[in-house]
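Per chain, numbering begins at 1; letters A, B, ... match sequence-line order.
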There are 2 protein chains.
Amino acid sequence: MLKVTTAKADGRVVRGDQTRRAILERAAAIASVEGLEGLSIGRLAGELDSSKSGVFAHFGSKEELQLATVRWAREVFVAEVITPALRAPAGLRRLWRLCEAWLEYASRPVFPGGCFFASVAVEFDARPGRVSDAIAEAHRAWQRYLEEAVVRARELGELTADADPRQLAFELDAFTRATQDALLFEERSVYTRARRAMLHRLRALATDPGLLPKSPR
Amino acid sequence: MLKVTTAKADGRVVRGDQTRRAILERAAAIASVEGLEGLSIGRLAGELDSSKSGVFAHFGSKEELQLATVRWAREVFVAEVITPALRAPAGLRRLWRLCEAWLEYASRPVFPGGCFFASVAVEFDARPGRVSDAIAEAHRAWQRYLEEAVVRARELGELTADADPRQLAFELDAFTRATQDALLFEERSVYTRARRAMLHRLRALATDPGLLPKSPR
DNA sequence: CCTACCGATCGGTAGG
DNA sequence: CCTACCGATCGGTAGG
């Protein structure tokens, strides 16, 4: 107990947290390219100029490292996509900003392998276990968030009453994920294509298309 | 040379081909779940009650095994999706059969991990090399095939002139791939959702909606 | 096709 | 946080 206090006092806990964050940042980047199974503790240590056991000690098992990486990526996703969209007024404009923020997040790219969740969701979709569950939960949360944004836009009368929130969220999500091809083909035009598809779909259901951008970029 | 002839005569080459096909069938099934990197020669041998070197000898390297598996999966895809659609008359009906055959292929499922190409395309999208190239080429061929089906339907006057083939192919392909969620969430309703999305999109562009199925199933 | 092996790397542990 | 190690498994080879 005294030791913990001492550790805090001399900054060791703070340094430990910074190291942990540095590990997770690198882990998420690697996993977006190589997958969460392809992510190895030895390689991670090598890239961070640390020892294997030094990395290992922060998590206790590979599965815990994977789970912590999923949680970290989720925080990045919220900061990059959800938070920026909250600056737009609720309703259709926020729904659109959500779509646009996703495109920016995927195309910048924030993770070198494109959207972290698009990559690992496919990797774990046919595997059982806690990591798969955590990925599925994060993915579902994003789809629910999109769906709720549709519901809100409809409540505000900015989408027609016959817009099916679950169906529309599915379609918008499908367009975002299809942009993963940009990496495989090294062709960025797919982001424009996704943007056009989303805009076209929303325009058809909008009561006031003026709330959406004018031209397909 | 004489030896080769003898081998043919006593059926060894035929048996070799059968073994090779059995290996590739299993390899494609494993890879759709674990990925083409997660596919190991040792595990493959174990599942086939063979020895590691017995499997290895058929391909010479892991990369050649991966390439042969991609070619095999491509043949399966053609037999399951392209060939059935050719029974429909050219134009909008064939385009629709193509979409429907894809849904059946993915949902049956032909591969335990869903669509083989949807799985490995994401796995290899940020990696260089021959395997990635082969996957990209197969994926592109499917998109081109969809696009050509759109062009043909438009030439026959069954789709309006303003239907953009590349854009429409992108959107239909996006809906097919979003069905991969069915495995992650263990929820088959996503196939119905994809079907509805495709049908809705095609109806809006069809000059005679009577060529498409009446009700969204 | 087999057994028997190679060096490298994996996740994880012991002891400090 | 480190070095040094464990058994298991990887892709690949030798020799038959």
For A/Leu65, answer base if it contacts any base atom (sugar-phosphate contacts may also be present), sugar-phosphate if it contacts only those atoms, and nothing otherwise; contact means non-hydrogen atoms under 4.0 Å.
nothing

Starting at CG of B/Leu39 and ending at C1' of D/dT9, how long is that distance when rounded to a whole Å?
14 Å

Nearest-angstrom distance from the residue atom NZ of A/Lys62 to C1' of C/dT9:
11 Å

Of the listed nucleotides (C/dC1, D/dC1, D/dT13), which one gets closest to any side-chain atom of B/Phe56?
D/dT13

5'-to-3' dot-bracket of DNA chain C (Watson-Crick, G-U; under 3.5 angstrom; crossing pairs as [ ]; | other strand)
||||||||||||||||

With sequence neighbours excluded, what pairs up with A/Phe185 under the side chain to side chain contact (heavy atoms under 4.5 Å, CB included) test?
A/Asp181, A/Glu187, B/Ala136, B/His139, B/Arg140, B/Gln143

Ranking C/dG12, D/dC1, D/dC10 by distance to the side chain of A/Ser61, first place goes to C/dG12

Select one nucleotide: of C/dC2, D/dC1, C/dG12, the one nearest the side-chain heavy atoms of B/Ser50.
C/dC2

Report which part of the nucleic acid A/Leu44 touches: base, sugar-phosphate, or nothing (heavy-atom distance under 4.0 Å, all strands).
nothing

Crowded around B/Arg152 CZ? As in, over 12 foreign heavy atoms under 6.0 Å?
no

Hey, mind stepping through A/Tyr145 and A/Phe77 against ring pair (Phe, Tyr, Trp, His ring centres under 6.0 Å) and telling me if it holds?
CA-CA 13 Å; A/Tyr145 196 83; A/Phe77 183 87; 9.2 Å; no

Atom-to-atom span, CD1 of A/Ile41 to P of C/dG11 - whole angstrom
5 Å

Minimum heavy-atom distance between B/Ile23 and B/His58, given as atom pair plus value
CD1-ND1, 3.7 Å

Those residues at least two apart in sequence (or on a different chain) that pass side chain to side chain contact (heavy atoms under 4.5 Å, CB included) with A/Ser107 are A/Arg188, A/Tyr191

Identify the heavy atoms of A/Leu39 and A/Thr69 that sit nearest to each other, and give their distance.
CD2-OG1, 4.5 Å

For B/Glu34, side chain to side chain contact (heavy atoms under 4.5 Å, CB included) partners two or more places apart:
A/Arg127, B/Ile30, B/Arg43

Donor-acceptor contacts, no H, no angles, side chain residues 108-120 of chain A, under 3.5 Å, sequence neighbours left out:
{"unit_1": "A/Arg108", "atom_1": "NH1", "unit_2": "A/Glu80", "atom_2": "OE1", "d": "3.1"}
{"unit_1": "A/Arg108", "atom_1": "NH2", "unit_2": "A/Glu80", "atom_2": "OE1", "d": "3.1"}
{"unit_1": "A/Ser119", "atom_1": "OG", "unit_2": "A/Ser32", "atom_2": "O", "d": "3.3"}
{"unit_1": "A/Ser119", "atom_1": "OG", "unit_2": "A/Gly113", "atom_2": "O", "d": "3.3"}
{"unit_1": "A/Ser119", "atom_1": "OG", "unit_2": "A/Cys115", "atom_2": "O", "d": "3.3"}
{"unit_1": "A/Ser119", "atom_1": "OG", "unit_2": "A/Gln180", "atom_2": "NE2", "d": "3.4"}

Pick out the pairs of N or O atoms, protein on one side and nucleotides 3-7 of chain C on the other, that lie under 3.5 Å.
{"unit_1": "C/dT3", "atom_1": "O4", "unit_2": "B/Ser53", "atom_2": "OG", "d": "2.9"}

